[in-house]
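Sequence lines set the chain letters: A, B, ... in the order given, protein chains first and strands last, and positions in each chain run from 1. Please read all numbers here as calculations on a predicted model, not as lab measurements.
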Amino acid sequence: MDLSELQAIRREKVEAFRASGVEPYALRSERTHTTLEAIRAFETREAVADGADDPEPPIVVVGRIVGFRHMGKTVFAHVEDGAGRLQLYARKDELGADEYADLLKLYDLGDFVQASGQLFRTRTGEISLRVAEIRMLSKALNAPPEKWHGLQDVEIRYRQRYVDLMANPEVRRVFEMRARTITATRRFLDARGYIEVETPTLQPLYGGAAARPFTTHHNALNQTFYLRIADELYLKRLLVGGFERVYEICKDFRNEGIDRNHSPEFTMLEFYEAYSDYQGMMELVEAMIAEVTRDVLGCSTIEVGDRTVDVTPPWTRRSMRDAIRDLSRVDYVAHPDQPSLLAAARAAGADIEADTVWPRIVDELLKQFVRPRLIEPTLLIDYPVALSPLAKRKADDPTHVERFQPFVGGVELGNSFTELNDPIDQLARFQEQQRDRDAGDDEAMPIDADFITALMYGMPPTGGVGIGIDRLVMLLAGQPTLRDVILFPAMRALPSTSDEGVDSHRE
RNA sequence: GGGCCGCUAGCUCAAUUGGCAGAGCAACUGACUCUUAAUCAGUUGGUUCAGGGUUCGAGUCCCUGGCGGCUCACCA
């Protein structure tokens, strides 16, 4: 391994520690206060100012050195822990000449240290720790990124997120926000009698969405498995079994392109409620997004670009047909065949290829005319049946299903419908999908015979919802791409360096 | 997969028409006992993503490849 000059110098410092009998990777630390607790404790003592007689308790803090300034026989440094930062102040005459020399020579930015002493305020008013003793906890061999500009290189930010996190504090805040989003979501559903379940990631047959799967192989069973593209069909089996309210937060995997709104592995929330329907789920989704937003942001508004939207229910509800008709002047119901709809869509200015199938033209109209304008929280309802093989038809219009999608800030947050529980109709829809598969559509769902069997035992009327957690976090955290809310986004592997050994074996 | 753009010191970025590869931070040596992007003086540090080509001379121009970003396509 080639060492840069900086790395070589830091390794020499490790050796210098060991030569003087100090292990630079300490077995343990003895923290008494986080940096935040130390500051709070000092402020509290200060407020009771006349307690000057009380002996001040010793403070021991730990953390990473993130700033280091020395002037003459004094050192100022900042250490950072999970709670915040605290300034250290070390004097040669108080620390001792040897220890002070070590501090100057052997300690670097990025090292984890433990410092003990008394708190005080500097002349400029900053609460600081007057260091009586300092100890190396973990010597960093790589220098941190530049302190002022942080880490800018996008590729390194994603590939080496640990560097991004240590250099760019706002990134840590985004992922704290992500954690709060998921916690708030669980709390919302738990409070309503939902139970959290886990269904298979490895599935012998995939389904529940229109997508291409990842394929893998189990050696002992000598069998192909698919990584799930959705958990829908398993969760509905649980309703057949008698659970009334279930949810799952898990990774789904779809073997598709990557862009700002799509990741090959992403976190999906799905929840199903027996004896509800899409009307009930609309109210639930509105309430959930509003509550999660309050929990995460402390208010009911979200900044979207230069606009502010309020997610307080009720949201605007519009049928998909009306929305498309109003914004594109095309009524797809008046054009039930592909050539007619294609012509109308193109006349309206849509950019659509000639061989696009009818349902996808509808989808294109939605995408090109409607979606970009759904900035205010909106529920788009009632989709054509061809787009929704798992949803129940509307009673008064069998060409449409009871389905809705929530949109905020132009982002599609999820998908919901009154679940199809008629096994015969479900089988017919699967068979329709199968015809599409046979015709070469490798995203159409395969027939899941066991799921039909399950429905034949009876599934109660049910409302179901899927919410893309990553997209929700992206919206709440104001991040421009999905990759900025995924800690380790999928990246192409770098050219392997491990085959150097292979090369050396070549004749 | 197509188009456009990018890749230079550990990090952030320069480099004129093709003419000695630079600065700031970090590091190293020194000065300075209340600094905080500390300051001051000095020093070190380069496979300019890789390979090939053109040229007296390539970070710069051409070709091939790698990785990334944006965008279109695909895709909830």
Expected output: side-chain Lys392(A) to main-chain Arg403(A) donor-acceptor under 3.5 Å: no
Once you apply a heavy-atom cut-off of 4.0 Å, does Ala211(A) come out as touching a base, just sugar-phosphate, or nothing? sugar-phosphate
Integer-rounded Å distance: C75(B) C1' and Phe214(A) CZ: 12 Å
Using a 3.5 Å distance criterion without hydrogens, assess whether the side chain of Ser416(A) forms a donor-acceptor pair with backbone atoms of Phe404(A). no
C11(B) C1' sits how many Å from Leu165(A) CG, rounded? 17 Å
Set of side chain to side chain contact (heavy atoms under 4.5 Å, CB included) partners for Val171(A), sequence neighbours left out: Arg157(A), Arg161(A), Asp164(A), Leu165(A), Asn168(A), Phe175(A)
Mutual orientation of the aromatic rings belonging to Trp358(A) and Tyr332(A) [parallel < 30°, tilted 30-60°, perpendicular > 60°]: perpendicular
Contacts of Val411(A) meeting side chain to side chain contact (heavy atoms under 4.5 Å, CB included) (sequence neighbours excluded), chain-then-number -> Leu413(A), Arg471(A)
Taking side chain to side chain contact (heavy atoms under 4.5 Å, CB included) as the definition, give me every residue that meets it alongside Thr378(A), ordered by chain and number, with sequence neighbours left out. Thr316(A), Leu374(A)
In numerical order, the residues of residues 75-88 of chain A whose heavy atoms come under 4.0 Å of RNA chain B are Phe76(A), His78(A), Gln87(A)
Give the nucleotide from the list C70(B), G24(B), A37(B) with an atom nearest to the side chain of Trp148(A). A37(B)
RNA chain B in dot-bracket form (Watson-Crick or G-U pairs under 3.5 Å, [ ] crossing, | inter-strand) is (((((((..((((.....[..)))).(((((.......))))).....(((((..]....))))))))))))....
Using the C1' atom as the reference point in each nucleotide, state the distance between U44(B) and A27(B) in Å, no decimals. 8 Å
Contact letters for nucleotides 64-69 of chain B, in which S counts primed atoms plus P, OP1 and OP2 and B counts the base, heavy atoms under 4.0 Å: --SSSS
Rounding to the closest angstrom, what is the interatomic distance between G46(B) and G1(B) at atom P? 37 Å
Given the P atoms of A15(B) and C70(B), what is the spacing between them in whole Å? 24 Å
Which of the following nucleotides, A38(B), C11(B), C34(B), is nearest to the side chain of Arg69(A)? A38(B)
Pairing residues for Glu273(A) by the salt bridge (charged side-chain N to carboxylate O under 4.0 Å, His left out) criterion, not counting sequence neighbours: Arg245(A)
When every nucleotide of nucleotides 28-33 of chain B is labelled 5' to 3' by its protein contacts under 4.0 Å (heavy atoms), B for base, S for sugar-phosphate only, - for none, what sequence of letters results? S---BB
Contacts of Phe271(A) that satisfy ring-ring contact (aromatic ring centres under 6.0 Å, His included) - sequence neighbours left out: Tyr194(A)
Taking any heavy-atom pair under 4.0 Å as a contact, classify Arg254(A): base, sugar-phosphate, or nothing. sugar-phosphate
Looking for any heavy atom pair under 4.0 Å, which part of the strands does Phe120(A) touch: base, sugar-phosphate only, or nothing? base
Length of the line joining Leu109(A):CG and A37(B):P, which is rounded to integer Å: 14 Å
Side chain to side chain contact (heavy atoms under 4.5 Å, CB included) with Glu364(A): which residues, sequence neighbours excluded? Ile352(A), Lys367(A), Gln368(A)
Could you give the distance separating G19(B) and G3(B) at their C1' atoms, to the nearest angstrom? 34 Å
Salt bridge (charged side-chain N to carboxylate O under 4.0 Å, His left out) for Glu256(A) and Arg212(A)? Distances and angles first, verdict last. CA-CA 7 Å; Glu256(A) 293 158 357; Arg212(A) 280 181 294 187; 6.0 Å; no
Would you measure the distance from the C1' atom in C67(B) across to the matching atom in C25(B) and give it in whole Å? 26 Å
What's Asn142(A) touching, base or sugar-phosphate or nothing? Going by heavy atoms closer than 4.0 Å. nothing
What is the distance, to the nearest angstrom, from the CZ atom on Arg11(A) to the P atom on A27(B)? 19 Å
Look at the side chain of Asp93(A) and the backbone N and O of Gly96(A), then say whether any donor-acceptor pair between them is shorter than 3.5 Å. no
Is the side chain of Gln87(A) donor-acceptor paired with the backbone N or O of Phe76(A) at a distance under 3.5 Å, no angle test? no
Mind checking the P distance from C75(B) to C7(B)? Whole angstroms is fine. 34 Å
From the set U12(B), C74(B), C34(B), return the single nucleotide nearest to any side-chain atom of Asp259(A). C74(B)
Closest to side chain of His262(A), choosing from C75(B), C11(B), G10(B): C75(B)
Could you state the NE2-C1' distance from His149(A) to A26(B), rounded to the nearest angstrom? 13 Å
Heavy-atom donor-acceptor pair, Glu270(A) side chain to Glu232(A) backbone, under 3.5 Å: yes
Please report the distance, rounded to the nearest Å, between CD1 in Ile258(A) and C1' in G1(B). 14 Å
Atom-pair distance (CD on Glu146(A); P on A9(B)), nearest Å: 14 Å
Provide, to the nearest angstrom, the distance between the NZ atom belonging to Lys147(A) and the P atom belonging to A26(B). 4 Å
Single hit among Arg321(A), Lys394(A), His400(A), Arg318(A) for side-chain hydrogen bond (donor to acceptor under 3.5 Å, both in side chains) with Asp382(A): Lys394(A)
On RNA chain B, compare the nucleotides closest to Gly67(A) and Leu366(A); which residue's is nearer the 5' end? Gly67(A)
Nearest-angstrom distance, C1' atom, G18(B) to U12(B): 27 Å
Distance between the P atoms of A14(B) and G68(B), in whole angstroms? 22 Å
Scan for ring pair (Phe, Tyr, Trp, His ring centres under 6.0 Å) pairs involving residues 104-133 of chain A, sequence neighbours excluded, and state none if there are none. Phe17(A)-Tyr107(A), Tyr89(A)-Phe120(A)
When we call it a touch if two heavy atoms are under 4.0 Å apart, what does Gly150(A) touch: a base, just sugar-phosphate, or nothing? sugar-phosphate
Which residues pass the ring-ring contact (aromatic ring centres under 6.0 Å, His included) test with Tyr234(A), sequence neighbours left out? none
